[in-house]
Chemist: 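Sharing a structure, written as structure tokens. Questions coming.
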Amino acid sequence: MPKFINTLFMLLLGIALSAQITDPVATEVWEPIPRAVESPANGTPSDAITLFDGADLDEWKSRYKDAPATWTINKDGSMTVMPGAGDIITKQGFGDVQLHIEFRIPTEVEGEGQDKGNSGIFLQGRYEVQVLDSYKSKTYSNGQAGAIYKQSIPLVNACRPPATWQEYDIIYTAPRFNEDGIKTSSAYITVLQNGVLIQNHFEIRGTTEYIGLPKNIAHGEDGIILQDHGNKVSYRNIWIRKL
Ligand code: MG
């Protein structure tokens with residue numbers, strides 16, 4: 001059957017069926033019932049995993065060495081990149097997630113462009129949401145704060161000045177691969193910076209490479225990485241919900 005006839009048939013069928021429904025109850029759906037999640041104001045949702053609450057780095061380890069994470073823990077409940085100590089990664093692996101993370105760019109000017117408050121948050125250890133000072137500070141647009149590094153320019157610049165706490169709320173869908181290692185669906189990411197939408201369901205093309213094109217090598221769940229780019233960026237109040 002030609003496609004337009006099929007479409008017309010479905011349209012007429014839909015009209016006919018909906019014409020028969022006169023009872024509002026007929027279109028009510030009662031199951032499943034969403035489970036309850038408590039979400040206190042400025043608090044961690046009841047079903048979230050706390051990745052950092054200021055106490056310790058027990059949820060983290062060194063990215064490259066089989067060793068504990070050694071970034072600095074501060075008395076104000078935050079942690080700070082220890083330049084040279086290297087990236088840190090969560091001990092737990094994750095796939096689809098909602099991630100909340102707060103960060104602060106240091107006040108002291110440490111450089112320009114990519115050297116000014118550079119860090120980063122890597123979903124599944126591969127896909128970077130850039131952390132950088134982009135408040136009245138210029139660099140290439142697809143590498144500024146809130147960019148999916150070298151892939152997606154943020155919709156707007158929602159950066160606050162250095163020394164101010166900021167937050168990212170990230171909704172992330174992991175890519176899927178088949179048994180042959182071929183990607184069957186892309187990763188998607190939505191990011192709010194300080195409550196402002198900066199990435200809207202962006203289709204991630206593959207790994208966020210510094211040099212060269214994105215790669216798509218099959219992988220499963222993997223840790224969240226925080227990047228040591230040599231700048232003393234601080235983080236606090238990190239929690240994650242598996243989706
Ligand atoms: Mg970075």
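Both ligands and their constituent atoms are indexed starting at 1 by order of listing. Computed over heavy atoms, backbone and side chain alike; hydrogens, waters and symmetry mates excluded.
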Chemist: According to the salt bridge (charged side-chain N to carboxylate O under 4.0 Å, His left out) rule, which pairs have a member within residues 74-89, sequence neighbours left out?
Modeler: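 Qualifying pairs: Arg63-Asp87, Asp76-Arg104.
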Chemist: Near the Mg ion (ligand 1), which protein N/O/S atoms are found at less than 2.8 Å?
Modeler: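 Counting only protein N, O or S atoms under 2.8 Å from the Mg ion (ligand 1), the list reads Asn118 OD1, Ser119 O, Glu128 OE2, Gln130 OE1, Gln227 OE1.
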Chemist: Measure the acute angle between the ring planes of Tyr235 and Trp71, then classify it against the limits of 30° and 60° as parallel, tilted or perpendicular.
Modeler: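 Aromatic pair Tyr235/Trp71 classed parallel.
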Chemist: Taking atom types as modelled, is there a side-chain donor on Thr80 or Asn74 under 3.5 Å from an acceptor on the other?
Modeler: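 Per modelled atom types, Thr80 and Asn74 side chains form a pair under 3.5 Å.
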Chemist: Who pairs with His100 by side chain to side chain donor-acceptor pair (under 3.5 Å), at least two apart in sequence or on another chain?
Modeler: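 Side chain to side chain donor-acceptor pair (under 3.5 Å) list for His100, sorted by chain: Glu102, Asp169.
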Chemist: Who passes side chain to side chain donor-acceptor pair (under 3.5 Å) against Thr207, sequence neighbours left out?
Modeler: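 So Thr207 forms a side chain to side chain donor-acceptor pair (under 3.5 Å) with Glu209.
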Chemist: Any luck finding a side-chain donor-acceptor pair between Gln124 and Tyr172 under 3.5 Å?
Modeler: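 There is such a pair between these side chains.
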